[in-house]
Amino acid sequence: MAEITVYKAREIITMDPNRPRATHVAVQDGFILAVGGADCADQWGDVVHDDTLADAVLMPGFVEGHAHMIGGAIWDYAYAGYHDRVDPDGKLWKGMTDIEEVVASLREYEAGLEAGKPLVGWGFDPIFLTSDRLSRHHLDRISTERPIAIMYSNFHLMCVNTTALELAGYGPETNVEGVIRGADGALTGELQELAAMFPIMRRLGIDFRGLSQTEPAIRTYGRVCQRAGVTTTTDLFATIEDDDLGKLVQVTGEESFPIRLVPTLGAVGASPGEIAEKALRLKDHSHDKLRLGAVKLMTDGSIQGWTARVKWPGYVGGQPNGIWNTPPETIHALCEEMQKRGVQMHIHTNGDEASEVSIAAIEAASRKHPWPDSRHVLQHCQMMGHDQFRRCAAMGICTNIFSNHIWYFGDQHAALTIGEDRALRMDAARAALDEGVRVAIHSDAPVTPMGPLFTAWCAVERQTMTGRVLGENQRITVDEALHAITLGAAYTLKMDREIGSIEAGKRADFAVLAEDPTRAAALRDVEVLGTVLGGRVGLL
């Protein structure tokens with residue numbers, strides 16, 4: 001038998017109702033052998049005591065149920081966002097608060113690029129800027145020779161210069177949904193959603209597969225997660241080809257790799273049957289640090305980009321009601337096939353019309369092909385109300401709620417997108433819990449930075465960037481929020497029997513913290529000191 005190591009901590013918050021608090025945890029073969037005091041494992045034989053974590057507080061390793069592996073490699077592109085951000089190496093990038101500042105920063109970046117290379121930026125968000133909307137005319141001031149594409153922070157929109165439009169074959173005769181025209185009928189350079197953006201991405205080499213499936217990208221993502229106290233995370237809309245699989249299996253299988261990774265296959269580009277078959281084929285390559293076999297459906301777009309599908313009365317500015325990335329009839333076909341084949345689904349639902357269609361599709365599929373404990377997950381769920389949560393609870397549908405949106409976009413949603421009344425119930429974790437739904441909360445990194453304790457703070461406080469409490473009656477407690485980033489998220493990934501709490505028999509995955517988050521003045525201010533994965537300590 002392997003050595004038994006007993007780690008001492010200042011406090012251990014176990015998330016196990018049978019023993020909520022402890023001071024010691026015994027680890028053997030990467031699993032938790034016992035929890036309690038200094039003598040917790042004495043009955044199992046000789047032990048080695050380790051005080052490496054004696055001054056820290058331990059929690060179950062945080063579980064990020066909705067993020068994307070491009071969160072590391074996206075920093076290969078120019079940052080053009082409004083908010084301050086920290087890159088995987090800990091460098092602070094200051095946000096830009098007007099378009100002229102963005103243009104100046106991109107012009108400086110462009111001057112350092114080699115000839116013939118496109119300029120690609122990311123993180124831009126026009127909803128915070130009061131001047132004119134970013135257009136090809138702004139980007140043409142940077143270069144009329146080099147193609148330029150600036151991805152918006154939600155990754156559902158981009159703006160490109162005239163050179164990029166011409167490369168993609170977009171011109172006066174173009175009639176493609178999402179290729180935006182101004183009042184004068186001319187193309188503005190703004191492109192909305194996948195169908196409109198893809199020709200640009202292909203010609204400029206903006207390859208999300210390449211940003212997530214290379215060995216450096218996989219390793220960088222591990223560092224991003226470790227900094228946030230995350231030991232299990234997702235890549236929620238993965239493009240995994242046969243050429244990628246061996247590398248993914250090899251890197252994640254290394255003893256030093258610091259996270260458990262759950263990629264979910266993007267359900268696009270093939271028939272429902274072919275997608276299900278590929279997901280099941282991938283599942284056979286899973287190991288203890290790589291879990292394959294689920295799929296992600298992309299339904300509507302982004303609320304702050306006005307591309308989400310919302311119910312009446314629509315958007316307060318009178319904008320058209322969004323774009324279907326996957327039309328409702330295809331959503332129904334995908335849900336039926338995945339349900340029939342036993343493939344778990346994660347379904348993007350920002351607007352409440354998208355939620356309505358998705359719930360109805362799962363309901364219809366479940367009648368035809370009953371599957372107890374399917375645990376399909378609606379992702380984002382930003383506009384869902386009590387009625388939709390009630391139907392989810394009846395069918396065992398989980399919800400993973402985008403709580404970060406309250407702080408990042410709450411003021412703008414109340415004023416500019418869906419209006420005051422509906423903004424009060426955005427990201428309604430309280431309603432979901434009250435209706436009996438299994439709840440996780442998430443960051444959607446790199447849309448917002450990965451940081452489960454910040455996400456938990458958002459769900460508890462519901463403060464916007466201006467300090468306003470938006471929807472006080474949708475607040476949840478600190479304990480509920482900590483459950484959502486541990487056991488709650490683990491449940492949505494069908495991994496709650498292995499992770500999410502510190503109790504005998506589970507994997508020895510811990511978040512190492514500087515203080516007890518249940519006693520901290522603010523969850524978001526609790527410092528992460530590192531993680532433990534399978535008993536292997538990794539301090540920052």
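A 4.5 Å side-chain heavy-atom check between M426 and L470 finds every atom pair outside the cut-off.
The side chain to side chain donor-acceptor pair (under 3.5 Å) with E190 is formed by just one residue from the set R181, R136, R133; it is R133.
Ionic pairing of R223 and D89 is present here: one or more N-O contacts between side-chain nitrogen and carboxylate oxygen are shorter than 4.0 angstrom. We find that K278 and E274 are not joined by a salt bridge, their nearest charged nitrogen and carboxylate oxygen being 4.0 Å or further apart.
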- Task: Could you go through the side-chain hydrogen bond (donor to acceptor under 3.5 Å, both in side chains) check for T464 and D411 one step at a time?
- Result: CA-CA 6 Å; T464 69; D411 293 316; 2.9 Å; yes
- Do H348 and H346 pass the ring pair (Phe, Tyr, Trp, His ring centres under 6.0 Å) test, and can you show the C-alpha distance, the side-chain angles, and the key distance before you say yes or no? CA-CA 7 Å; H348 167 108; H346 296 261; over 10 Å; no
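Residues satisfying the salt bridge (Lys or Arg N to Asp or Glu O under 4.0 Å) criterion with D244, sequence neighbours excluded, are R209.
Counting only residues at least two apart or in different chains, salt bridge (charged side-chain N to carboxylate O under 4.0 Å, His left out) contacts with residues 146-159 comprise E110-R146.
For CG of D242, the number of neighbouring non-hydrogen atoms (other residues, nucleotides, ligands) closer than 6.0 Å is 12 at most. Counting non-hydrogen atoms of other residues, nucleotides and ligands closer than 6.0 Å to CG of D184 gives a total above 12.
With 3.5 Å as the limit, one finds a donor-acceptor pair spanning the side chains of E64 and S443. If you check the side chains of N400 and H442, you find a donor sitting under 3.5 Å from an acceptor.
Checked against the 6.0 Å centroid criterion, the rings of F237 and H68 do not qualify as a close aromatic pair. The aromatic ring centres of H380 and H405 sit 6.0 Å or more apart. Between H285 and H287, the distance separating the two ring centers is not shorter than 6.0 angstrom.
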Please tabulate, one pair per line, all N/O donor-acceptor pairs under 3.5 Å involving side-chain atoms of residues 113-128, not counting sequence neighbours.
from : atom 1 : to   : atom 2 : distance (Å)
W122 : NE1    : I74  : O      : 3.4
D125 : OD1    : I127 : N      : 3.3
D125 : OD2    : S153 : OG     : 2.7

